[in-house]
Structures are given as C-alpha cells and as structure tokens.
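Scroll down for the structure; my scribbles are underneath it.
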Amino acid sequence: MDTKHPLVLPEGGPLVRFADVTKRYGDLTVLDQLNLDVGHNEMVSIIGPSGSGKTTVLRVLMTLEAINDGVIYLDGDPLTHMPKGNGLVVANEKYLRQKRTGIGMVFQQFNLFPHMTALQNCIEAPIQVLGMNRDEAEDRAIDLLRLVGMYEKKDQHPSRLSGGQQQRVAIARALAMRPKVMLLDEVTSALDPEVIGEVLNVIRSLNSEHNLTMIMVTHQMGFAREISDRVCFFYAGKIAEQGTPDQLFDDPQNDRTKQFLRAVLDAN
Ligand code: ADP
Ligand code: MG
C-alpha cells in the first residue's frame, strides 16, 4: 500500500507524471527514482546513451512492465496503481487494460500483425478493445491511413510494404485508439535512410497540426531539436539534464551531456 502519493493529481496537472519511479531487473536498477512530468500537448524527446533506460521509460508507461517503486499517473489518475481506501495498491489486470487504451506506442520494429492488411491492422484493437462497430472503426482507420499517406495501400499486407510504409501504418494503428499520449521508440532506427524522411514528416504533422502529446526516444538529434518542446538527457536511469532544445544542444551544463553530444555529433 502506497500512502505517500496522492489518489488523484490536482486539476490542471500534467498529462503524464512519473513520481519517484524505480524499475529494477534483478540487481540492476534501470530507473532510479525517476521524476518526469509531461504536459498536455507537449512534445518531449528523450536522448541518452544505450542502456540508460530510455526504452524502459516507455515500456513502464505503456504498462508492459511493472515498476518496483513510485507511481505513474495518466491524466490525473494513477496508472500503475489504483485507489483502495486512503492509499494506492498495485493495479490489477482489469484496471490496466482499461487505462492502457489511453496510451499509444510505436516501436522500432513496426510489430504489425503480418496476416492482416494495413486496414485490418488499424481496426482490430478499436473493435476488440474499445468495442467500436466495424463501420465506424473502418471510417476512422481510413481517415488515419490517409493522414499518414497510406490510403492507397490499405489492402496490402505488411510483407508487401517498405519499412517506412509499415511504420506509417503502425503510427495510424496506434492513433486509431485515440490515445492521450503517443510513445515513439526510435521509430526510424530500423529504416533505410531514404525512407526516414517520410516517417519524420508524419510525426511532424501530428505534432504541429494535431497537437498530440508525444514522448519520443530518438537518436536523430536534428529532428529532436526541431520539433521538441523539451529534451531530456538520460543517464543511468535518471534525467541528468533537461531543457529546451536550444538550452540542451547549445549550452549543455552537465559533463555527461556534453560528452554524449560530442560523441553523437562527431559520428554524424
Ligand atoms: P535504452 O533504451 O536506453 O538503450 P533500456 O531501457 O532498453 O535502455 O535498458 C536499460 C537497461 O536495462 C539495460 O542495461 C538493459 O540491458 C536492461 N534491461 C532492459 N530490459 C531488460 C530485461 N527484460 N531484463 C533484464 N534487463 C533488462
Ligand atoms: Mg532503447
């Protein structure tokens, strides 16, 4: 039972809050009492060295992994926990299933259902999980496939699509659930260089025209700099430094940040 963290956040609070979140795998502490708030409509990028806990942040927020300590909140309510009496207890599967629909995630390796067409990929969860009727789900999926420039390919299976096209379908599929927040984990890392731009364009339009709240893990410093409201530099399961793109890229204060930026910018 957790009585240290509130049962709900005050009105006007962040969309996502990590409150003292610790995640361990055996003896390895991957997230170390992490505190992170993401505001409504904010675009936050997470950068940092391999193994610093970037993917883990997204996976625990997606509730794919349980945390060991602390609480994550979504839109004011606890996500990893549920209220009981005057405290919070670890959420059960039913509670998680319901809350999880508020979060969309896109992975490095697309993860589309191979036996379904692009359209079927985008209607499956809205029908099965949200209980939407088929016509409504299809109308919405078609709008979203148009949005990501994949309407013409709606009846193709993933194996007939390029990596960039598959990734755009994966974005449409996540949006079909009308998530409150979208999580993007290195979504261009597995793509051929010539198709990276088409995926970045989609993300850019979600951010600028659709005002989606997004948390994006990326190695593309130029892109992070261009579209983020805030950039967080992760080191050893903590935020070592965060700020606006200008602050973080032009005037980093932390030695780890400086070292990391020097290494990645040299490599490009
Ligand atoms: P990043 O995305 O920043 O490269 P991750 O969040 O994937 O880092 O991983 C952080 C650390 O946690 C790494 O040391 C990784 O090996 C470890 N880790 C991740 N997932 C697991 C797991 N399922 N079991 C054990 N260790 C894990
Ligand atoms: Mg990762």
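All ligand and atom numbering here is 1-based and tracks the order in the structure. Bear in mind that the values here come from a model prediction, so they are computed numbers and not experimental data.
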Enumerated ligand 1 atoms positioned under 4.0 Å from heavy atoms of [X]:
X     : answer
Val30 : 10 (C), 11 (C), 12 (O)
Pro49 : 3 (O)
Ser50 : 4 (O)
Leu28 : 12 (O), 14 (O), 17 (C)

Among all protein non-hydrogen atoms, which one is nearest to atom 19 (C) of ligand 1, and what is the separation to 0.1 Å? Tyr25 CE1, 3.5 Å
Return the closest protein heavy atom for atom 9 (O) of ligand 1 as residue, atom name and distance. Thr56 OG1, 3.8 Å
For a side-chain contact (heavy atoms from CB on, under 4.5 Å) check, start with the C-alpha distance between Lys153 and Leu161, then their side-chain angles and the critical distance, and finish with the verdict. CA-CA 8 Å; Lys153 303 275 186 189; Leu161 302 174; 3.9 Å; yes
Within-cutoff protein neighbour (heavy atom, under 4.0 Å) for atom 21 (C) of ligand 1: yes
Protein non-hydrogen atom below 4.0 angstrom of atom 6 (O) of ligand 1 present: yes
Residues [X] and [Y] bridged, charged N to O under 4.0 Å:
X      : Y      : result
Lys154 : Glu138 : no
Arg204 : Glu226 : yes
Arg225 : Asp246 : yes

His5/Tyr73 under side-chain contact (heavy atoms from CB on, under 4.5 Å): CA gap, chis, key distance, verdict: CA-CA 10 Å; His5 295 97; Tyr73 294 86; 3.2 Å; yes
So for ligand 1, is [X] a polar contact partner (N or O within less than 3.5 Å, distance only)?
X     : answer
Lys54 : yes
Gly53 : yes
Gly51 : yes

Does Thr55 bring an N, O or S atom to under 2.8 Å of the Mg ion (ligand 2)? yes
Using a distance-only test with no angle check, is there a side-chain donor-acceptor pair under 3.5 angstrom linking Gln33 and Thr22? no
I'd like to know whether Leu15 forms a side-chain contact (heavy atoms from CB on, under 4.5 Å) with Lys180, so could you lay out the CA-CA distance, the side-chain angles of the two residues, the decisive distance to 0.1 Å, and finally the verdict. CA-CA 8 Å; Leu15 181 64; Lys180 295 175 178 174; 4.3 Å; yes
Quick check: is Met105 connected to Phe110 through a chain of hydrophobic side chains (ILVMFWY, heavy atoms under 4.5 Å apart)? no
